[in-house]
2 protein chains.
Amino acid sequence: MHKFKGKEYPCCTSLTMGIIGGKWKTVILYHLMEGTLRYNELRKEIPSVTERTLSLQLKNLETDGVIKRKVYTSKPPLKVEYSLTEFGKTLIPLIKSIADWGDYAVKNH
Amino acid sequence: MHKFKGKEYPCCTSLTMGIIGGKWKTVILYHLMEGTLRYNELRKEIPSVTERTLSLQLKNLETDGVIKRKVYTSKPPLKVEYSLTEFGKTLIPLIKSIADWGDYAVKNH
DNA sequence: CCGTATCCTTTTCGATACTG
DNA sequence: CAGTATCGAAAAGGATACGG
């Protein structure tokens, strides 16, 4: 049994999937791998996600310490940037492997 | 846009997650990495999954061509073995990476 | 031994309208 | 610009009983 942020997982793979699993989280991380993006830039990169869902998933990723959110309040319009934390950056090789296998699967079926 | 087995995915990571995503599929694959297992052996390895869910997820994995199911009908009691297909074996490095990152995350928080 | 059937709860995701 | 509120649908998963 493995613990992370108060949640328990029966397997080390479950723990990883608890953090990056679901329909959108790997997609978000995939786009943040290259660098910082604003909320609307993420929406543009992932047009099929709704505002609500994007917002929720960003919050989940932030709660797990994988991404960080920086707000620039100096003057409207509001500017919010999302980027990987140092901890989140340790996921980059994994996200790349996930993306690569996806490409491979498309080509080989 | 990427296609696999009739389903469409907006990103190559989504495709991978469509196949190995969810609460249980990586756990099942993790245990099948080492070799063939019978249904009840899988239940023993993953005590927290219910029969119904295990059954459904095995079917999903089989449909996507990742695992194969072999039935020995010669004489009761029934014997059913699950193992990775050749295609499924291409997932092994990825499953290992997922497991390794889970271990890493536990240790570093 | 290896599941399926039934019913139910929880989680996730989507559509749309609206706000500081 | 960057979200939240509300409502609802769908998918995933769980509990338990039963069947070939």
Side-chain angles (χ1 to χ4, degrees), chain A residues 5-11 13-14 17-29 31-32 36-64 67-83, chain B residues 5-11 13-14 17-29 31-32 36-64 67-83:
Chain A
K5 302 257 175 190
K7 286 179 207 157
E8 294 199 344
Y9 302 93
C11 174
T13 61
S14 325
M17 296 304 281
I19 295 171
I20 66 164
K23 193 169 173 180
W24 297 111
K25 283 193 285 216
T26 55
V27 185
I28 294 169
L29 294 173
H31 290 292
L32 288 179
T36 300
L37 286 177
R38 296 178 63 177
Y39 179 77
N40 267 6
E41 291 174 331
L42 276 168
R43 290 215 59 199
K44 256 188 153 176
E45 299 275 6
I46 319 171
S48 47
V49 74
T50 62
E51 295 179 351
R52 175 192 136 93
T53 299
L54 178 58
S55 189
L56 284 175
Q57 299 312 318
L58 286 168
K59 230 174 255 175
N60 289 338
L61 288 168
E62 196 189 353
T63 300
D64 282 333
I67 66 172
K68 56 175 180 283
R69 180 177 183 274
K70 186 162 186 190
V71 189
Y72 296 87
T73 37
S74 54
K75 51 181 179 294
L78 203 50
K79 184 174 165 185
V80 181
E81 286 185 345
Y82 293 93
S83 58
Chain B
K5 301 256 175 190
K7 287 179 206 156
E8 294 200 341
Y9 301 93
C11 174
T13 61
S14 324
M17 297 305 280
I19 295 171
I20 66 165
K23 195 170 172 181
W24 297 110
K25 285 194 284 215
T26 56
V27 185
I28 295 170
L29 294 174
H31 290 293
L32 288 179
T36 299
L37 285 177
R38 297 178 61 176
Y39 179 78
N40 266 7
E41 290 174 332
L42 277 168
R43 289 214 60 199
K44 257 187 151 176
E45 299 275 5
I46 320 171
S48 47
V49 74
T50 62
E51 295 179 353
R52 173 193 136 94
T53 300
L54 179 57
S55 189
L56 284 175
Q57 298 313 317
L58 285 168
K59 231 175 255 174
N60 288 338
L61 289 168
E62 196 189 353
T63 301
D64 283 333
I67 65 173
K68 57 175 180 283
R69 182 177 182 273
K70 187 163 185 189
V71 189
Y72 296 87
T73 36
S74 54
K75 51 181 180 294
L78 203 52
K79 184 173 163 185
V80 182
E81 286 185 346
Y82 292 94
S83 58

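Quick note on labels: first sequence line is chain A, next is B, and so on, each numbered from 1.
- Whole-Å rounding puts the A:Leu54 CG to C:dA15 P distance at 14 Å.
- For A:Glu45 against A:Leu37, the heavy-atom pair with the smallest separation is CG-CD1, 4.4 Å.
- Ionic pairing of A:Glu62 and A:Lys68 is not present here: no N-O contact between side-chain nitrogen and carboxylate oxygen is shorter than 4.0 angstrom.
- More than 12 heavy atoms of other residues, nucleotides or ligands sit less than 6.0 Å from atom NZ of B:Lys5.
- Between the CG atom of A:Leu37 and the C1' atom of D:dG3 there is a distance of 17 Å, given to the nearest Å.
- Checking C:dC2, D:dC1, C:dT4 against every side-chain atom of B:Asn40, the shortest atom distance belongs to C:dC2.
- One atom, CD of B:Glu51, and another, P of D:dG19, lie 14 Å apart when rounded to the nearest Å.
- Within the 4.0 Å cut-off from OP1 or OP2 of C:dT4, at least one side-chain nitrogen or oxygen of B:Lys59 is found.
- Here the side chain of B:Tyr39 is nearest to one of C:dG14, C:dG3, D:dA2, namely C:dG3.
- Ionic pairing of A:Glu81 and A:Arg69 is not present here: no N-O contact between side-chain nitrogen and carboxylate oxygen is shorter than 4.0 angstrom.
- Here D:dA12 presents its P atom at 12 Å from CG of B:Leu61, a figure rounded to the nearest Å.
- Mapping A:Gln57 and B:Glu41 onto DNA chain C via the closest heavy atom, the residue that lands nearer the 5' end is B:Glu41.
- Inter-residue side-chain proximity for B:Ser48 and A:Tyr9 is flagged as unmet; no heavy-atom pair is nearer than 4.5 Å.
- Distance OH (B:Tyr9) to P (C:dC13): 14 Å, rounded to an integer number of Å.
- Residue B:Tyr82 has its side chain nearest to C:dG3 when only C:dG14, C:dG3, D:dT4 are considered.
- When the side-chain nitrogen and oxygen atoms of B:Arg43 are compared with OP1 and OP2 of C:dC1, none of them lie within a distance under 4.0 Å.
- For the OP1/OP2 pair of D:dG13 and a distance below 4.0 Å, the side-chain nitrogens and oxygens of B:Thr50 include no atom meeting the criterion.
- Here C:dC1 is the nucleotide among C:dC1, D:dT4, D:dG13 with the atom lying nearest to any side-chain atom of B:Pro77.
- Closest to the side chain of B:Leu78, from the set D:dG13, D:dC1, C:dC2, is C:dC2.
- The closest side-chain heavy-atom distance from B:Tyr82 to B:Leu42 is below 4.5 Å.
- Across the interface with DNA chain C, nearest-nucleotide mapping of A:Lys23 and B:Arg69 shows B:Arg69 to be the residue nearer the 5′ end.
- Protein atom CG of B:Asn60 is 12 Å distant from nucleotide atom C1' of D:dG13, rounded to whole Å.
- Distance, A:Leu56 CG to D:dA5 C1': 12 Å, rounded to whole Å.
- Closest to the side chain of A:Arg38, from the set D:dC1, D:dG14, D:dT4, is D:dC1.
- In this model, the phosphate group of C:dT11 is not approached by any side-chain N or O of A:Trp24 to a distance below 4.0 Å at OP1 or OP2.
- Nearest nucleotide to the side chain of B:Val80, out of C:dC2, D:dC1, C:dC13: C:dC2.
- In terms of phosphate contacts, B:Ser55 brings a side-chain nitrogen or oxygen within less than 4.0 Å of OP1 or OP2 of C:dT4.
- Regarding B:Leu58, its CG atom lies at a distance of 12 Å from the P atom of D:dG13, rounded to whole Å.
- Side-chain atoms of A:Arg52 lie closest to C:dG14 of the nucleotides C:dG14, D:dA2, C:dT4.
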